[in-house]
Amino acid sequence: MAMQHRAPRGTADILPSDQKYWRYIEGKARDLSRRFGYSRLDTPVFEDSGLFVRSVGEGTDIVEKEMYTFLDRGGDSNTLRPEGTAPVCRAYLEHGMQNLPQPVRMYYFCPVFRYERPQAGRYREHHQFGVEALGVGDPSVDAEVVELAWSLVSSLGLADTSLMVNSIGDRECRPAYIDKLKEHYTRSKGQLCRDCLDRLDRNPLRLLDCKQASCQGLGMEAPRSVDHLCEGCQDHWDSFQRYLDTMGLPYRIDHHLVRGLDYYTRTVFEIQPKEEGGQSTILGGGRYDGLIEQIGGKPTPGIGFATGMERLVLNLKRQEVPVPDEPSPDYMVISAGDGARDAALDLAARMRRSGAGAILSTAGRALRGQLRQANALGVRYALILGDDEISRGEVTVRDMSSSEQEAVSVDSFLEKLDEGR
RNA sequence: GUGAGCGUAGCCAAGGGGUCCAAGGCGCCUGACUGUGGCUCAGGAGAUCGUGGGUUCGAAUCCCACCGCUCACCCCA
């Protein structure tokens, strides 16, 4: 279609017909967050570019080629938020939340921006719901966050999802592990795909989740991060699993699970649907004990996760999960004849003032057409006003499903509306 | 950034050089003795056939370029 303007590549309008999915997810996420003691935090759509460079990591794809960065008129470099965690940590520091009872539990809904080639489940602007628990490093917090994540996905009614967890160690033990990993892959360099040759020095952890058959073979025999944890990480990992067991969460350990952002430490986890699609992960998170320090705070532990709203919607639709419709008004006010237009406007206005929902039918259409409209919009009652009704101070209330109708006085109709609430 | 597929009305879609100033369906609007919907019937509006160039007497149909969309890789929610 040749159009002057269309939504930019990788962005999308969320149409009225799709809103029910979004409101459904938001409702569940908000309720759960509250139940777990999380409070909402909103941060700006853009931040100082340095925040993301320092937190997400200089060598990551996000920072290297995916950020929407612009200079403002004052010459400052700003970046449209490419992820949600760093801004939350920034806000934690900026507002002295270290002085609140720890951990500080917060959640957010926000758009995030990454300049990538769009495909199924991946967009340049997408929306995330996420939670963060800051200030406490105890593994029980990890377990709590994972439970929240799992509860969310289950409460949405998504079936056949799996919860994968892993520990990737911390600054103390990870470097040694990565050396082992490199060693392992270097020995069989010849079998590596081109991308993996690249990963070997850029991001060795990612070698583990390469999808190429030859690399996967190597991955099977690769050293596991959980076998190379330092004492602290080992204890953390053991307790974390025990807590998950205690809560009966159906997790699986995935030794190849790593996350793409530099700031992750120890616990990492993901939830994915069973069907293997390209962009399948619907939720991902982990611990980031070094992040706050990286952006200028005192060493402060933290853990959280984010979900992709678009991916959740995609899966809700795919699985045909029944999602409640958005409520719409019960009444449409119809005027038979032009003379009744004023009375119709007046009735609709009075109904709305008393809190009821009333749609005005389109002026100038025949009664038939107006009823057709009422039918198409699915309202419960049509309120018909014509000369007859007006002269008697009445309105004809037609039940659209039973086709029964009766004339009642406008006053008593409005009174009943009031009583109804 | 790389690779593949696709672009005909709001949506689905036929047509693959002349009979196409483009079929059909959904949706939308109107009407069926001028106050009554959902079914049916009739009518109507809506398309620079993605854009530009080329081949040809003639192009929605063939060729080229560009743009856009989709999917996959990379990476991630």
Side-chain angles (χ1 to χ4, degrees), chain A residues 1-10 12 15 17 25 56 59-66 82-85 109-130 149 153 193-196 198-199 202-203 206 209-212 258-261 270-273 276-285 304-315 332 334-340 361-362 364-379 381-390 396 398-405 407:
Chain A
M1 183 69 327
M3 284 222 133
Q4 273 207 23
H5 299 290
R6 26 170 66 242
R9 163 175 285 192
L15 299 173
S17 55
I25 297 167
V56 175
T60 58
D61 276 22
I62 290 184
V63 169
E64 251 176 30
K65 48 190 195 197
E66 296 178 358
E83 62 100 33
T85 301
F109 290 97
C110 67
V112 333
F113 304 85
R114 309 222 263 250
Y115 187 85
E116 311 174 89
R117 285 284 289 267
Q119 71 187 72
R122 194 179 64 194
Y123 311 96
R124 288 185 175 179
E125 179 190 32
H126 74 278
H127 301 261
Q128 294 189 353
F129 161 73
V153 172
C193 68
R194 277 191 60 189
D195 288 325
C196 277
D198 227 38
R199 293 185 178 107
R202 286 174 41 94
N203 199 344
R206 295 224 73 91
D209 65 356
C210 182
K211 288 160 198 148
Q212 300 293 321
V258 296
R259 316 237 70 239
L261 283 53
E270 272 186 14
I271 295 179
Q272 16 190 293
E276 284 301 313
Q279 311 300 318
S280 53
T281 302
I282 52 180
L283 180 151
F305 70 77
T307 63
M309 297 285 285
E310 282 82 354
R311 289 187 188 175
L312 289 176
V313 171
L314 195 74
N315 280 279
M332 172 171 274
I334 287 174
S335 47
D338 293 337
S361 74
T362 304
R365 283 191 190 167
L367 181 60
R368 170 201 292 281
Q370 296 183 56
L371 278 166
R372 232 198 277 265
Q373 195 180 10
N375 185 249
L377 293 183
V379 299
Y381 303 97
L383 306 178
I384 303 169
L385 286 167
D387 294 341
D388 297 352
E389 283 87 351
I390 292 168
T396 295
R398 180 178 179 84
D399 183 323
M400 293 299 285
S401 52
S402 68
S403 293
E404 281 165 17
Q405 65 183 42

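Residue numbers start from 1 in every chain, and the chains themselves are labelled A, B, ... in the order their sequence lines are given, proteins ahead of strands.
Evaluation of atom-type donor-acceptor distances gives a pair under 3.5 Å for the side chain of R398(A) against the base of U36(B). Counting atom types as modelled, Q405(A) pairs a side-chain N or O with a base atom of U36(B) as donor and acceptor under 3.5 Å.
Listed nucleotides: C29(B), G35(B), A77(B). Nearest to the side chain of R365(A): C29(B).
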Identify each atom pair where a protein N or O and an N or O of nucleotides 1-5 of chain B are less than 3.5 Å apart, giving names and distance.
from  : atom 1 : to      : atom 2 : distance (Å)
U2(B) : O4     : R117(A) : NH1    : 3.1
U2(B) : O4     : R117(A) : NH2    : 3.4
G3(B) : O6     : R117(A) : NH2    : 3.2

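Note on ring orientation: taking the six-membered ring where Trp is involved, the planes of F129(A) and F109(A) are tilted (angle from 30° to 60°).
Q373(A) and T362(A) form a side-chain donor-acceptor contact under 3.5 Å, judged by distance and modelled atom types alone. T396(A) and Q405(A) form no side-chain donor-acceptor contact under 3.5 Å, judged by distance and modelled atom types alone.
Taking atom CD1 of I25(A) as the reference point, atom P of A77(B) lies 17 Å away to the nearest angstrom. Whole-Å rounding puts the L371(A) CG to U30(B) P distance at 12 Å. In this structure, the CZ atom of R194(A) is 13 Å from the P atom of C75(B), given to the nearest Å. Look at CG on D399(A): it is 16 Å from P on G38(B), rounded to the nearest Å.
Using a 4.0 Å heavy-atom cutoff across all strands shown, T60(A) reaches no nucleic acid atom at all. Among the protein residues, F305(A) comes within range of no part of the nucleic acid, since none of its heavy atoms lies under 4.0 Å from any strand. As judged by a 4.0 angstrom heavy-atom cut-off over every strand, A374(A) is placed among residues making no nucleic acid contact. The residue E389(A) sits close to a base: some heavy atom pair falls under 4.0 Å. At the heavy-atom level, D198(A) lies nowhere under 4.0 Å from the strands shown. When heavy atoms are screened at a 4.0 angstrom cut-off, L367(A) is found touching base atoms of the nucleic acid. I334(A) comes within 4.0 angstrom of nothing in the nucleic acid, heavy atoms only. Counting any heavy atom pair closer than 4.0 Å across all strands shown, G284(A) reaches sugar-phosphate atoms only and no base atom. In this structure, G121(A) reaches the bases: a heavy-atom distance under 4.0 Å links it to at least one base atom across the strands shown.
Proximity of Q119(A) to the phosphate of C73(B): a side-chain N or O atom is located under 4.0 Å from OP1 or OP2. An OP1 or OP2 oxygen of A77(B) is reached within less than 4.0 angstrom by no side-chain nitrogen or oxygen of Q128(A). Here R372(A) does not reach the OP1 or OP2 of U36(B): none of its side-chain N or O atoms lies under 4.0 Å away. An OP1 or OP2 oxygen of U30(B) is reached within less than 4.0 angstrom by no side-chain nitrogen or oxygen of R368(A).
Counting only heavy atoms from C-beta outward, the side chains of I334(A) and L385(A) never approach each other to under 4.5 Å. In this structure, Q272(A) and L283(A) have side chains that are not in contact, with every pair of non-hydrogen atoms separated by 4.5 Å or more. With a 4.5 Å cut-off on side-chain heavy atoms, V112(A) and E83(A) do not count as touching.
Comparing A23(B) with G43(B), their P atoms sit 15 Å apart, to the nearest whole Å.
If you check A13(B) for Watson-Crick or wobble pairing at under 3.5 angstrom, you find it has no partner at all.
Here the side chain of N315(A) pairs a donor or acceptor atom with the backbone of R311(A) at under 3.5 angstrom.
Figure legend: cation-pi geometry between R124(A) and Y115(A), with NZ or CZ positioned under 6.0 Å from the six-membered ring centre and within 45° of its axis.
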